[in-house]
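Report on the structure given below.
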Amino acid sequence: MIRRVTRRWLEEVLTSVPGKRIAVLSNSRIADVLDQLADLLEFQGANAFRIRAYRSATRAIRNTSTSIAQVAQQHPKNLTHIDGIGKSVAEKCVELVQRGSLDQLDQLLRQIPKSVLAMLRIPGLGPKKAAAIYQQLGITTLEQLREACEAERIRTLKGFGPKSEQMILKGIGLAERAGKRIYWAVADQQVQQLRDYMAGCHAVQQLEFAGSYRRGKETVGDLDLLVVSEDSTRVMDYFGRFPDVADTIARGETKMSVRLGDGLQVDLRVVTSRSFGAALQYFTGSKEHNVILRSLAKKENLKINEYGVFRLEDQTEQVVAGQTEADVYNVLGLPVFPPELREARQEFQWAARNELPELVTASDIRGDLHMHTTATDGNGTLEEMVDAARKRGLDFVAITDHSQRLSMLDGLDPKRLLDQWSQIDQLNDQLDGDFLVLKGIECDILENGDMDLPDEVLAQADWVVASVHFGQRQSREQITSRILGALAHPFVSAIAHPTGRLINRRDAYEVDMEAVLQAASEHGKLMELNAHPARLDLNDVHCAAAKELGVPIVISTDAHSVAGLDMMRYGVLQARRGGLTASDVANTHTWAEIQQAIGGKR
DNA sequence: GCCGTTTTCGGCCCGACTGTTTTCAGTCG
């Protein structure tokens with residue numbers, strides 16, 4: 001009862017604000033608000049550890065699949081059970097969910113104009129310097145800042161000089177592009193080019209890309225290039241001549257940073273072979289994973305930095321590890337965590353229980369259960385897609401073209417679908433057991449919750465993926481209930497791209513993922529991890545939640561062309577970040593085994 | 001602000017580079 005009243009009240013508050021949709025606050029929205037609060041506090045010069053506490057709370061909020069808003073409404077005290085959330089942040093979550101805003105944030109925003117925070121996006125301009133510019137010169141916008149630089153007024157401030165003005169002017173132009181995160185798949189292309197180029201430098205003994213790229217994060221903010229060499233000058237000179245380098249940001253003895261033409265920053269570190277493992281560990285991160293690692297080391301009277309692990313005794317430092325990553329972890333009694341797991345989520349607890357999962361690999365994948373053909377919006381014919389899948393070593397595929405509601409994409413009505421399925425029967429006859437083509441469909445879940453094709457048609461399919469394409473702006477209750485309905489439908493096998501998000505382009509639609517996963521578990525249905533680099537939907541956090549509930553994940557390319565089949569590896573990477581093993585992923589199994597899993601429920 | 005088999009108070013990871021400084025604060029990862 002309380003929940004209903006509160007939610008209705010919240011909906012009224014939110015709908016009274018133009019442009020806002022009816023919604024229970026998502027975790028990412030709550031985290032955004034708290035991050036803004038942290039920005040403003042930082043700007044005010046608040047205690048650095050207090051800021052860090054807020055940052056770590058917002059990270060925890062983004063990293064859980066539990067709906068913070070729901071917990072705040074129903075069991076607010078349970079919020080502090082989440083690591084990183086204490087009494088104060090818990091109270092703020094409750095206030096935010098109940099009132100739709102935070103009193104403290106409103107007060108701060110009255111003192112500091114929001115436009116001032118834009119200055120923090122300029123590389124090299126942090127909270128202290130930005131605050132000095134705002135407080136001493138009264139500058140509140142980037143345009144005023146540009147004018148002040150050009151009029152040489154910034155250099156009059158203590159701690160600023162002509163170079164600072166140049167840095168700011170350059171930074172204003174970059175603020176838009178810099179800091180934008182690119183898809184992992186795009187970063188990967190850049191990495192391959194850099195690898196090829198750096199292979200031509202004889203001074204390079206060993207080379208590895210670290211950072212969020214190595215952790216397989218869905219988006220990458222910059223590249224961290226680690227090189228073993230005895231001659232850092234030669235390596236840096238060579239690196240600086242990479243044709244796409246637009247600007248050198250910094251260059252010292254061991255570290256150099258450049259910006260490429262598209263705005264991507266690449267940091268180069270040159271180390272000796274003795275330090276390679278420590279440096280690789282250190283620069284792979286994440287920051288939060290490293291903080292935990294160093295705290296553990298400290299308790300053992302050890303110190304970890306990018307040069308090695310050192311034992312502290314009688315004011316002397318003795319090297320105990322550094323050459324390989326394995327040495328660094330093993331000296332602390334820890335396993336070598338796969339980079340994808342180094343996010344300070346559960347990996348240290350898993351290690352303590354000796355339960356680190358053996359993550360799924362691309363070679364474990366046996367089939368692809370979501371792809372399109374020229375029958376709807378694909379570029380490849382049925383035969384071409386099947387041929388390409390065979391050449392990629394798969395054992396089976398499902399052809400899942402769109403259903404009739406997608407008329408713009410020439411979606412299939414029952415007659416055309418049945419025609420396609422009889423073609424598939426013929427093709428299977430020709431294949432004679434060497435390969436299996438499944439009769440599938442990507443069937444729309446209509447706005448009213450009905451399936452887009454009649455039951456008697458769906459009943460004849462081997463495999464049905466249900467998806468939401470229309471009515472994505474419906475309320476959380478409506479969308480959730482549509483998906484729950486599909487999961488309860490006897491002929492639906494899996495939910496495709498379950499949140500509809502397009503990374504950097506479109507937010508996920510409002511959906512109660514906890515309820516969805518619970519229903520999938522009850523009905524024995526599968527959830528898709530769509531491998532397209534812009535989707536990667538489910539995300540890593542939801543994959544981990546599905547695993548907890550025993551809901552199998554099916555990694556699918558949703559290929560619209562032959563080349564699209566190669567996207568499988570991006571999905572596998574995301575699955576690894578979710579901690580999935582081969583047995584957690586349905587399409588590492590044979591079709592007979594998958595059929596058994598979904599067939600029992602019909 | 002968060003956290004706790006050394007702690008409910010006193011810690012909180014660590015180093016490189018830059019610009020503005022005559023020894024260091026700010027920023028970044």
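A, B, ... follow the sequence lines: proteins, then strands. Residue 1 opens every chain. Computed from a prediction, not measured in an experiment: that's the story for all the values here.
The two residues A:Leu268 and A:Val227 have their closest heavy-atom pair at CD1-CG2, 3.7 Å.
With P as the reference atom, B:dC3 and B:dC13 are 14 Å apart, rounded to whole Å. Atom name C1', nucleotides B:dT8 and B:dC12: the rounded distance is 16 Å, in whole Å. When the C1' atom is used for both B:dT6 and B:dG10, the distance is 13 Å, rounded to whole Å. Annotation: B:dT20 and B:dG26 have their C1' atoms spaced 11 Å apart (nearest Å). Spacing of C1' atoms, B:dT21 relative to B:dA25, comes out at 10 Å, to the nearest Å. Here, B:dC28 and B:dT23 have their P atoms 25 Å apart, quoted to the whole Å. Between B:dC2 and B:dT7, the two P atoms lie 22 Å apart (nearest whole Å).
Atom-to-atom, NZ of A:Lys287 to C1' of B:dC12 comes out at 13 Å; the value is rounded to the nearest Å. What separates NZ of A:Lys163 from P of B:dG19 is a distance of 5 Å, to the nearest Å. Taking atom OH of A:Tyr282 as the reference point, atom C1' of B:dG15 lies 6 Å away to the nearest angstrom. One can place CE of A:Met119 at 12 Å from P of B:dT27, the figure rounded to the nearest angstrom. In this structure, A:Phe160 atom CZ and B:dT27 atom P are separated by 8 Å, rounded to whole Å. In this structure, CE of A:Met256 is placed 16 Å from P of B:dG29, rounded to the nearest angstrom. Atom CG in A:Leu226 sits roughly 14 Å away from atom C1' in B:dA16 (whole-Å rounding). The nearest whole Å value for the distance from the CG atom in A:Leu296 to the P atom in B:dG11 is 20 Å.
Checking B:dT27, B:dC17, B:dG15 against the side-chain heavy atoms of A:Ala250 singles out B:dC17 as nearest. The listed nucleotides are B:dC13, B:dG1, B:dG15; the one nearest the side chain of A:Asn47 is B:dG1. Closest to the side chain of A:Asp83, from the set B:dC13, B:dG1, B:dC3, is B:dC3. Nearest to the side chain of A:Thr254, among B:dG1, B:dG15, B:dA16, sits B:dA16. The listed nucleotides are B:dC14, B:dG26, B:dG29; the one nearest the side chain of A:Asp267 is B:dG29. The listed nucleotides are B:dT27, B:dG29, B:dG1; the one nearest the side chain of A:Tyr54 is B:dG1.
Note on A:Arg294: every side-chain N or O is 4.0 Å or more away from OP1 and OP2 of B:dC13. Side-chain nitrogen and oxygen atoms of A:Ser164 include none within less than 4.0 Å of the OP1 or OP2 phosphate oxygen of B:dG19. Taking only side-chain nitrogens and oxygens, A:Arg269 never comes nearer than 4.0 Å to OP1 or OP2 of B:dG29. Between B:dG15 and A:Lys303, a contact under 4.0 Å exists linking OP1 or OP2 to a side-chain N or O. For B:dG29, neither phosphate oxygen OP1 nor OP2 lies less than 4.0 angstrom from any side-chain nitrogen or oxygen of A:Lys255. Residue A:Asn290 places no side-chain N or O under 4.0 Å from the OP1 or OP2 atom of B:dC13.
Checking each of A:Glu347, A:Glu343, A:Arg342 against A:His289 for a side chain to side chain donor-acceptor pair (under 3.5 Å) leaves exactly one that passes, namely A:Glu347. When each of A:Asp222, A:Leu194, A:Ile249 is checked for a side chain to side chain contact (heavy atoms under 4.5 Å, CB included) with A:Val266, only A:Leu194 meets the rule. For the pairing with A:Tyr213, the ring pair (Phe, Tyr, Trp, His ring centres under 6.0 Å) check across A:Trp184, A:Phe283, A:Tyr183 returns one residue only, A:Trp184.
Judged purely by atom type and a 3.5 angstrom limit, A:Glu95 uses its side chain to pair as donor or acceptor with the backbone of A:Asp103. Not a single donor-acceptor pair under 3.5 Å links the side chain of A:Asp540 to the backbone N or O of A:Arg577.
Salt bridge annotation for A:Arg155-A:Glu165: present, with a cationic side-chain nitrogen under 4.0 angstrom from a carboxylate oxygen.
Among the atoms of the strands shown, none is found under 4.0 Å from any heavy atom of A:Ile51. Among the heavy atoms of the strands, none lies under 4.0 Å from A:Leu293. Residue contacts shown for A:Gly211 are absent, as no nucleic acid heavy atom lies under 4.0 Å away. Across all strands, A:Lys87 comes closer than 4.0 Å only to sugar-phosphate atoms, never to a base (heavy-atom distances).
Taking the nucleotide of DNA chain B with the nearest heavy atom to each of A:Glu253 and A:Lys128, the more 5' of the two is matched to A:Glu253. If you find the closest nucleotide of DNA chain B to A:Val291 and to A:Gln265, the one lying nearer the 5' end belongs to A:Val291.
B:dT7 shows a glycosidic angle within 90° of 0 and is accordingly assigned syn.
With both pairing distances under 3.5 Å, B:dT8 is matched to nothing as a Watson-Crick or G-U wobble pair.
Using modelled atom types and a 3.5 Å distance limit, the side chains of A:Lys92 and A:Gln104 yield a donor-acceptor pair.
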